[in-house]
Q: 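Provided herewith is a single structure, encoded as structure tokens, for subsequent inquiry.
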Amino acid sequence: MTFLTSNRPTAEWQASDAAHHIHPFTDHSALAKRGVRVITRGDGVYLWDSDGNRIMDGMAGLWCVQVGYGRKELAEASYRAMQELPYYNTFFQSTTPAAVTLSEKLAEITPAPFKHTFFANSGSEANDTIAKMVRYYWNLQGKPEKKTIISRDYAYHGVTMAAASLSGLQPMHPQFDLPLPGFEHADAPYWFAEGGDMDPEEFGLKAARSLEDKIQALGADKVAAFIGEPVQGAGGVIVPPDSYWPEIQRICRKYDILLIADEVICGFGRTGNWWGSETFGIEPDFMTLAKGLSSGYLPISAVMVGKRVGDAMTAADEEFVHGFTYSGHPVAAAVALENIRILQEEGIIDRGRDEIGPYMQSRLRTLADHPLVGEVRGVGLVAAIELVEDKAARKPYDPSRGAGVICRDHSIANGLIMRAVRDAMVLSPPLVITKEQVDEMVGIVHKALDLTAKDLASGN
Ligand SMILES: Cc1ncc(COP(=O)(O)O)c(C=O)c1O
């Protein structure tokens, strides 16, 4: 297959990119020195770069390509939809068959209380929308003072002003004078880093109760909602102890606080079930969906609005003054529908839960004996391997050693895209990965760990 745009030498792409392209989450001076990696094509779990190297994508892009690359059905769905109706909006008493059918489908596949969907184009936009809906809901209830949304340390909810305020990754705030007022953060259930001598379950309760402490400090009449990813993804695949979510649920009910499950990573099978909320027994008032909704083939996201807020909003005798030009875009909606059909008809999510997820988790746990590995954690098809200087003490390397980055670079040089979050090595491959490919992935991780250990020992 030829690609119109992929016929320039790598150095030319790199020079032009450095001259004209501002990248997300990138140190541009470092990138210009090193030269950007140019990805030209994908098939299944593999990508190819502009030098023709094949690389396994252990991250499914940005945790999103559930069905793998190169699915012709998705390309054809978008081609058909574009020919029929390339664009129309859902404002001002209009809709399109694709937007209606997708909202119907999402009501069918999400947990029972969800009947209503609001469409946006990214996880960030969806979370910003939820922040507005939360305010609107409490205003409709005659409780306008209930405004603060509590999130957590290490949370990632996106980059728009509200979504970045909800995020709890500290470097995301100072450049932009964030968080905005009305956004607070409680503790994360990050036992490995912060659990000290506590038993994980005991620590899970302690982390959950930091929410209660926050609510009591702010006053329950001021707190509108709590948001959490079932498993915190970009914060380092923080899998909560079993004690955590039931306690959060109890606290939200006790203080009459809306519960938002950000399913942008966890949704569409990542944790072994359709929803992270199912895996952890969460009963949220909102769910944020994006990424796996279209397997990343086109930008689309959705806010699932639960009964309480949905009833209030649809009964309000006034306009909901919010929406995006591309809310419910007919081509993106058609691709999302086709993607969901593939996930359902090919049993991809059941296979993730019953077969390939447990296989990947057990194979990765064989790395736990490696001298560099402090913990292997994960659920379904998402995992982290935490690197440490001292296994028994769970003592991390000094960040200046860059252990995670060294390991990531060895991994990529050996044919596997693995991400470093601090020194947690993160994997989240396409759900269609095979057992042989899991073996290949674990083999490369092992090699990268050995090479990293060697570098760190020699002081590199
Ligand atoms: C849990 C979570 N929420 C929200 C977002 C933001 O999504 P987007 O990058 O589509 O705005 C992300 C992105 O990684 C995410 O992981």
Side-chain angles (χ1 to χ4, degrees), residues 23-26 57-66 118-134 149 151-169 171-172 176 178-179 183 185 188-190 225-240 245 259-271 275-277 279-280 282 284 286-304 324 326-327 329 332 335-336 339 378-384 417 419-421 424 426-428:
H23 289 251
F25 286 96
T26 294
D57 186 2
M59 282 304 297
L62 288 175
W63 333 68
C64 56
V65 189
Q66 316 300 72
F118 179 90
F119 290 114
N121 309 287
S122 67
S124 303
E125 286 177 359
N127 280 328
D128 261 57
T129 297
I130 292 176
K132 289 172 87 174
M133 285 182 175
V134 163
I149 306 184
S151 174
R152 299 176 293 178
D153 299 338
Y154 300 99
Y156 187 80
H157 297 294
V159 294
T160 47
M161 294 291 271
S165 297
L166 291 169
S167 297
L169 292 164
M172 293 177 68
F176 316 106
L178 294 174
F183 295 89
H185 297 84
Y190 191 5
F226 170 78
I227 184 168
E229 305 150 75
V231 171
Q232 289 180 265
V237 185
I238 301 168
V239 183
W245 276 111
L259 176 51
I260 306 156
D262 183 338
E263 296 267 3
V264 169
I265 285 178
C266 294
F268 297 94
R270 181 55 64 195
T271 67
W275 314 110
S277 293
T279 304
F280 293 94
I282 310 165
F286 290 97
M287 295 202 312
T288 324
L289 314 183
K291 298 191 187 281
L293 171 56
S294 65
S295 281
Y297 277 55
L298 280 180
I300 182 166
S301 65
V303 172
M304 297 309 300
F324 303 100
Y326 303 125
S327 284
H329 192 289
V335 169
N339 174 60
V379 56
L381 281 140
V382 61
I417 295 183
R419 177 159 158 183
V421 177
V426 171
L427 290 163
S428 169

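Ligands are counted one by one from 1 in listed order, and the atoms in each one are counted from 1 as well. Predicted, not measured: the structure shown is a model, and the values here were computed from it.
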Q: Taking atom CG of Asp262 and atom CG of Asn127, what is their separation to the nearest 0.5 Å?
A: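 Reported to 0.5 Å precision, the distance equals 4.5 Å.
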
Q: Under the side-chain contact (heavy atoms from CB on, under 4.5 Å) rule, what do His157 and Val264 come out as? Steps first, then yes or no, please.
A: CA-CA 8 Å; His157 297 294; Val264 169; over 6 Å; no

Q: Can you list every pair where an N/O of ligand 1 is under 3.5 Å from an N/O on the protein?
A:
residue	atom	partner	partner atom	Å
ligand 1	3 (N)	Tyr156	O	3.4
ligand 1	3 (N)	Asp262	OD1	3.3
ligand 1	3 (N)	Asp262	OD2	2.7
ligand 1	7 (O)	Gly123	N	3.4
ligand 1	10 (O)	Gly123	N	2.9
ligand 1	11 (O)	Gly123	N	3.4
ligand 1	11 (O)	Ser124	N	2.8
ligand 1	11 (O)	Ser124	OG	2.5
ligand 1	14 (O)	Lys291	NZ	2.9

Q: Does the side chain of Leu289 come within less than 4.5 Å of Trp275's, by heavy atoms?
A: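 A side-chain contact under 4.5 Å exists here.
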
Q: First locate atom CG of Leu166, then atom CG of Asp128, and finally report the distance between them rounded to the nearest 0.5 Å.
A: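 Output value for this atom pair is 7.5 Å.
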
Q: Taking atom CZ as the centre, does Phe324 end up with more than 12 heavy-atom neighbours from other residues, nucleotides or ligands that are less than 6.0 angstrom away?
A: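 Result for CZ/Phe324: enclosed.
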
Q: Which residue pairs pass the side chain to side chain donor-acceptor pair (under 3.5 Å) test when at least one of the two sits in residues 228-237, sequence neighbours left out?
A: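 Output for this query is empty, none listed.
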
